[in-house]
Protein chains: 4
Amino acid sequence: MSPTPSSPSTAAGTKRERRKEARPGELLEAALDLFVEKGFAATRVDEVAARAGVSKGTLFLYFPSKEELFKAVVRENIAGRFAEWNNELENFAGTTSEVLRYCYQVWWERIGCTKASGITKLMLSEAQNFPEIVQFYQQEVILPGQALIRRILERGVARGEFRPMNPDYAVYLVLAPMIFLMLWKHSIGACVPDALGMTPEQYIDMQADNILHGLCVRSGTNPPAPSFSTPV
Amino acid sequence: MSPTPSSPSTAAGTKRERRKEARPGELLEAALDLFVEKGFAATRVDEVAARAGVSKGTLFLYFPSKEELFKAVVRENIAGRFAEWNNELENFAGTTSEVLRYCYQVWWERIGCTKASGITKLMLSEAQNFPEIVQFYQQEVILPGQALIRRILERGVARGEFRPMNPDYAVYLVLAPMIFLMLWKHSIGACVPDALGMTPEQYIDMQADNILHGLCVRSGTNPPAPSFSTPV
Amino acid sequence: MSPTPSSPSTAAGTKRERRKEARPGELLEAALDLFVEKGFAATRVDEVAARAGVSKGTLFLYFPSKEELFKAVVRENIAGRFAEWNNELENFAGTTSEVLRYCYQVWWERIGCTKASGITKLMLSEAQNFPEIVQFYQQEVILPGQALIRRILERGVARGEFRPMNPDYAVYLVLAPMIFLMLWKHSIGACVPDALGMTPEQYIDMQADNILHGLCVRSGTNPPAPSFSTPV
Amino acid sequence: MSPTPSSPSTAAGTKRERRKEARPGELLEAALDLFVEKGFAATRVDEVAARAGVSKGTLFLYFPSKEELFKAVVRENIAGRFAEWNNELENFAGTTSEVLRYCYQVWWERIGCTKASGITKLMLSEAQNFPEIVQFYQQEVILPGQALIRRILERGVARGEFRPMNPDYAVYLVLAPMIFLMLWKHSIGACVPDALGMTPEQYIDMQADNILHGLCVRSGTNPPAPSFSTPV
DNA sequence: GATGAATGAGTGTTCATTCAT
DNA sequence: TATGAATGAACACTCATTCAT
């Protein structure tokens, strides 16, 4: 006569079970928030647990140490987008300048202006203390990211839009301004709000203009020399 | 009839006095090492004192707090050098392109490739947790640094070498690659030595080429389009 | 078929729970002992914790700072009792002289001759160094204490037993001898046991006699002039 | 041909010598100030030395420890006045009530309202930590002080002005209000300036009135019943 | 599985005391 | 005699981690 227990596989189980299964995810989300906000050292596990609505002891049930929690956050939040992205850019029709600009734009919308940018900052910041994580990050994030950019550059060269270049080098022309912006946003920018002096979009446009001006062969279809005049 | 004792006031004094005068410098050096190596929060004042060969109490004799110690390190290694640099660059004879390249070179020699670059990384990494330090850094390092670059850009525009531009914006074209390099070096680069794929000098040349290509008006005296070919 | 485990929610719970509920009390008692014995500044929180049988960390689990621990001690032992005392004295039937004598007696039994009297001594001793605590003490102990005495005096005046007076002033006629006795006990008296030359009860009687002799209107029902003869 | 050194016994020596001889005194004065102001524990020997215009090391040349410095301050500042005082009061012409009031007045002028009152507060406060000093204080200050008061009371009884009494007890009727006032002034009064609610003079008058009212036999020459009305 | 009370090593900072000069 | 640089043992307070329930 007891009510048929809803099968956990069909209706996601009771509240308790659902919560149980959701625990690690809730903890990772809370940890992401706090690690991004305060950095690794300054984040307290009590606070992570509290924000996830569990006790401190429960956190240690799922993650054997603060360090492992941190690694799990990195794993959870960084890789996985590249497949989709690669696809998108591979199929993009248009000049390679447009591809590059689109790439910047997409990056800003999906990473740069979101919490996820904090992970990059956090990785760079706490790298020294967790060398093993850096290895992982290098394999799963940095190399795929560089490959993605490199493919764009090679496309430009192949189509005669960009000058011949060593794409392994030129990748950093594209990368550096993005990394810089994320870092600025999560450090100086968080303390001195208008320290940058312009909007992120203006910053990105300016950097893209300059990079493309350096990369492109001169022709009617290519962008004119950037002017950097105040748009305001 | 004993030999005249060397007057303590004349010749560098006793051992104790000599050590005393050297103390702040030794502490600053030890502090720089450790701050760069471990970050601000993770550096223990005991360790700084130990590395300088003094007791913890002695450190507090010279610096009233860990924070002030850090500020002193920043002043010693970065902030205090702007006057000299400004002078140097102000008196530089040559095209503004040459000034900018010289600026990059000097920066790399005196900051970028030294331990001092770690301070920049550290500031960006731990900014959020120590807002007071950020204010200090903003005033004593960032603003002077931006002003220095801006003056170069304005020189270029005034002399008709650079296109008209908003120098407050364009400053970041110069800044971002430098910051990126320092960060890379002290994070990924510290764990995966050859992750960058080129020497810092190559990186700098490449970035300078590209920037100048975007900035300069076209003329016979200005640099040709960068090629980014592998110099091996 | 195992015996029903006693529900933890019903019967005083497990050892751990029982201990947990007792912790604050045990800490307060240990703190009272040590504060009285050594003063506020000289009391170490480690020692308080040790005497309560817990670790230093545990103390800070219950009291956020040494200062708050002290305040809790004051509340537990003095400030929290005024409500009851006020009630008791308000409902006292008898002449106001009797009320005052009863007040002295009650004070001596519940404060003066107990460890709690040490708190008063401690407050007066260390006041200057901890102004914030003085504010607290002024609000939670001194003002209520004065109000209590003042109400007695006003009762006496209203009932024609005491001469007209400014009760704000006269309060100190009652207060000063009590304060003096507590101080003496915890300073000179602690080092030279018989320095006072009489028992505390004799001291109190004598002071009460003298005060009432000054306060009362002359009548048959009021106390005769005090004689201060040695009762041996 | 060197100038005759002025004999130190005649003209107090050169500045250097005079200062040298004055050192301990200057240190004691500085120590008195600071001990009274902040208490024993909270007074820093650096500060004492600085206020005396010498280095910390010099202080330890004259006093082997902070504790010994404290003892020296007590020795220097407390005894010595009693001979003069005894004389003065012994030769006082007038009623014993007047003697007692004069005693209060003199005490307030020369001790109560001066820094010296801080020593009493300080002795009572830090007594527990220095039992040996309490012995000394008992012999050199407390007993003479009590004797002085007792002699006044005995004079009053002998002249038929005061009722018969046990003067060893009654001494505290006179003492307690004085001690209380000094303590209040240096503790609560220092933090909450108007906490007493009246001037010290009003307080003293009130206490004297009340004591004398209790002590005196009734007659035309004796004070009337105190009224304690607000004089303002 | 989940709790949260308990821990104790470790922080930055202070200060009486020492001692080479 | 006088200095003041140097010390190091404390101190209040924190927090990742454990474990009995």
Side-chain angles (χ1 to χ4, degrees), chain A residues 16-17 19-21 23 41-50 53-67 69, chain B residues 5 8 13-21 23 41-49 53-69, chain C residues 5 8 13-21 23 41-49 53-69, chain D residues 16-17 19-21 23 41-50 53-67 69:
Chain A
R16 190 160 194 157
E17 281 164 13
R19 291 207 67 198
K20 194 166 87 182
E21 278 161 22
R23 278 285 140 75
T43 293
R44 311 285 151 226
V45 299
D46 316 52
E47 226 177 332
V48 175
V54 301
S55 72
K56 202 173 8 172
T58 302
L59 187 153
F60 281 93
L61 222 55
Y62 289 99
F63 305 98
S65 74
K66 189 186 178 186
E67 192 170 318
L69 172 64
Chain B
T14 65
K15 273 172 212 163
R16 191 141 190 166
E17 281 165 13
R18 214 178 304 129
R19 291 204 68 190
K20 183 242 159 176
E21 276 159 24
R23 276 287 132 76
T43 293
R44 312 290 151 217
V45 296
D46 316 51
E47 222 176 337
V48 174
V54 300
S55 72
K56 199 166 22 165
T58 302
L59 186 152
F60 284 94
L61 219 55
Y62 291 98
F63 305 97
S65 72
K66 189 185 179 185
E67 200 167 308
E68 287 302 320
L69 172 63
Chain C
T14 63
K15 274 171 210 163
R16 193 148 190 161
E17 281 165 13
R18 213 176 309 127
R19 290 204 71 192
K20 184 239 160 178
E21 277 158 23
R23 277 289 133 75
T43 293
R44 310 293 152 216
V45 296
D46 316 52
E47 222 178 334
V48 174
V54 299
S55 73
K56 195 170 22 168
T58 302
L59 187 153
F60 283 96
L61 219 54
Y62 291 98
F63 305 98
S65 71
K66 190 186 178 185
E67 200 167 308
E68 287 301 320
L69 172 63
Chain D
R16 190 158 194 157
E17 280 164 14
R19 288 209 68 197
K20 194 167 85 183
E21 280 162 20
R23 278 286 139 76
T43 294
R44 311 286 150 226
V45 299
D46 315 53
E47 225 177 333
V48 174
V54 301
S55 73
K56 202 174 9 173
T58 302
L59 186 152
F60 282 92
L61 224 54
Y62 289 100
F63 305 97
S65 74
K66 190 186 177 187
E67 192 171 320
L69 171 64

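Quick note on labels: first sequence line is chain A, next is B, and so on, each numbered from 1. Every heavy atom of this structure was used, including side-chain atoms; hydrogens, water molecules and symmetry mates were not.
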If you assign T58(C) and T58(B) each to the DNA chain E nucleotide with the nearest heavy atom, which residue ends up on the more 5' nucleotide?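 Nearest-nucleotide comparison on DNA chain E picks T58(C).
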Closest nucleotide of DNA chain E for L61(A) versus for E67(D): which of these residues is on the 5' side?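 Per heavy-atom nearest nucleotide, the more 5' residue is L61(A).
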Mind listing the closest non-hydrogen atom pair of [X] and [Y] along with its distance?
X: A49(C); Y: S55(C); answer: CB-O, 3.5 Å
X: L59(D); Y: V48(D); answer: CD1-CG1, 3.7 Å
X: F60(A); Y: P64(A); answer: CD2-O, 3.9 Å
X: T43(B); Y: K66(B); answer: O-NZ, 3.0 Å

How would you label the contact of V45(B) with the nucleic acid (heavy atoms, under 4.0 Å): base, sugar-phosphate, or nothing?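 Counting heavy atoms under 4.0 Å across all strands, the contact made by V45(B) includes a base.
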Rounded to whole Å, how long is the line connecting atom [atom1] of [X] with atom [atom2] of [N]?
X: K66(A); N: dC15(F); atom1: NZ; atom2: P; answer: 9 Å
X: D46(C); N: dC11(F); atom1: CG; atom2: C1'; answer: 8 Å
X: Y62(D); N: dT17(E); atom1: OH; atom2: P; answer: 18 Å
X: F60(C); N: dG8(E); atom1: CZ; atom2: P; answer: 16 Å
X: L59(A); N: dT18(F); atom1: CG; atom2: P; answer: 12 Å
X: F63(A); N: dA16(F); atom1: CZ; atom2: P; answer: 16 Å

Should dC13(F) form a Watson-Crick or G-U wobble pair with both distances under 3.5 Å, which nucleotide is its partner?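 Its partner is dG10(E) (Watson-Crick or G-U wobble, both distances under 3.5 Å).
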Watson-Crick or G-U counterpart of dT21(E), or none if no pair lies under 3.5 Å: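 Base partner found: dA2(F).
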Between the base of dT17(E) and the side chain of K56(D), is there a donor-acceptor distance below 3.5 Å?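 Result: at least one qualifying N/O pair found.
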At under 4.0 Å, does any side-chain N or O of R44(C) touch on OP1 or OP2 of dA12(F)?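 Yes, R44(C) has a side-chain N/O under 4.0 Å of OP1/OP2 on dA12(F).
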Is S55(C) near enough to dA6(E) that one of its side-chain N or O atoms lies under 4.0 angstrom from OP1 or OP2?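 For dA6(E), OP1/OP2 do not have a side-chain N/O of S55(C) under 4.0 Å.
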When the nearest nucleotide of DNA chain F is assigned to P64(C) and to G57(B) on a heavy-atom basis, which residue is associated with the more 5' position?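 Final value for this comparison: G57(B).
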